Amino acid sequence: MIEYSTAGESHGKALIALVQGVPSGVALTPDMIARDLARRQLGYGRGGRMKIERDEGEILSGVRFGLTIGSPITVLIKNRDWENWRIEMSVEAPAVPPKPLTKARPGHADLPGALKTGQGDIRNVLERSSARETAARVAAGGVAKALLAELGIKVVSHVVAIGGIRSNERRPLPGDLDEVDSSPVRCLDEEASARMVEAIDSAGNDGDTVGGIFEIITYGCPPGLGDYSSWERRLDSRVAGALMSIQAIKGVEIGDGFSLAAMRGSQAHDEIFYALQKGYYRESNRAGGIEGGLTNGEPVVARAAMKPIPTLAKPLRTVDISTKKAATAFKERADVCAVPAAAVVGEAVVALELANAIVEKFGGDCLEDIMAAWKQYIGRINKA
Ligand code: EPS
């Protein structure tokens, strides 16, 4: 089983990703991780922090001579901004402690986090609840993508909507990823992209923020990843849970998701066809490539809705947790829109779920064994 975890505070010294259960023999180089880390830093509407950071990702363990060796893989991402926060984030108590943050931001983990952990300084909560943590998840996702690449599986993403403006463009194919990445909002629809940029500018000028929707598409999965027989192995629930765990995500759908609820059964399902060269196939993909909790061989499609970032230059009303008096929320440097970056994080967490489904089905110790099992399986299901 592939398991991963992250550690590190937003303005602490560094972030760490730990990925366990990756088989030996997978080609993995630092640039495979650095590429996605750089992509996560982009997108129109990002704030000042991204001008400071150069997220790269140093592989500390689990890789030798460009190949995984089956041991836990750790990746270190240094926070360059830590230099400016040495006292504020010091491990040892400073001579003069900084003033605690007490005016909780509505929409952030600030208030429930401070109540849960019994801390009077909201900084102790926000440093970890911050979406800076997603850099470590992207590093972990880079490891998962390396395994998927060995099997020809590719995960791509694009932005579908920002601030209520929707893209009318088609779903990108793996070969379109450079074009998606070259858009300031990671959207293939040029006209909609321009309007999204305007919406971000307009919100920023008003001291406000905007959210949006992104889509993750995985190409190349064979039928049968995940399972129908036990709830915890259903792939749709794992993919949805992984996407929902990204900071600021409030909704997830697989395939046509919520719109299926308004259709008749005869319209909602993807009819099954068979051709000698390609085996079973569908002419539509409303199910988003997952039926009964397992892949059906069509691209796996999931969408996530991101709420507007809750750190506002014109803050909302709140309560000061030290006095219980009415106040306005504190301001931190933040992004106006991070939907394009969140889509890159979405790729990472979906890749990790699919990599896990692969090792569950085909074995987890050695890539060569996985390839042999994969070949035998594809041969069997394609037998006429
Ligand atoms: C960041 C995501 C956001 C940024 C953060 C870097 O995190 P949060 O969820 O706390 O708003 O604002 O940068 C800062 C905290 C800062 O000092 O600007 C990221 O994706 O790296």
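This is a predicted model, so every value here is computed, not measured. Remember, it's 1-based here, ligands and their atoms both numbered in the order they're listed.
Using a 4.0 Å cut-off between charged side-chain N and carboxylate O, Glu53 and Arg46 make no salt bridge.
In terms of polar-atom proximity, Thr311 is not counted as a contact of ligand 1, lacking any N or O under 3.5 Å from an N or O of the ligand. Remark: ligand 1 and Leu126 share no N or O pair separated by less than 3.5 Å (distance only, no angle test). Close N/O approach between Ser129 and ligand 1 is not found [any backbone or side-chain N/O within under 3.5 Å]. At least one N or O atom of Arg132 sits closer than 3.5 Å to an N or O atom of ligand 1. Polar contact check, Arg40 against ligand 1: a nitrogen or oxygen pair lies under 3.5 Å apart.
Taking only non-hydrogen atoms, the option from Val138, Asp335, Val345 nearest to atom 3 (C) of ligand 1 is Asp335.
Nearest heavy atom pair, residue Ser167 against residue Val159, reads CB-O, 4.1 Å.
Within ligand 1, the atoms closer than 4.0 Å to a non-hydrogen atom of Met50 are 6 (C), 19 (C), 21 (O), numbered from 1 in the order shown. Every atom of ligand 1 is numbered from 1 in the order shown, and the set under 4.0 Å from a heavy atom of Ser10 is 15 (C).
Checked against Glu347 for a salt bridge (Lys or Arg N to Asp or Glu O under 4.0 Å), the options Arg137, Arg40, Arg35, Arg186 give a single hit: Arg186. Checked against Glu332 for a side-chain hydrogen bond (donor to acceptor under 3.5 Å, both in side chains), the options Arg49, Arg123, Arg105 give a single hit: Arg123.
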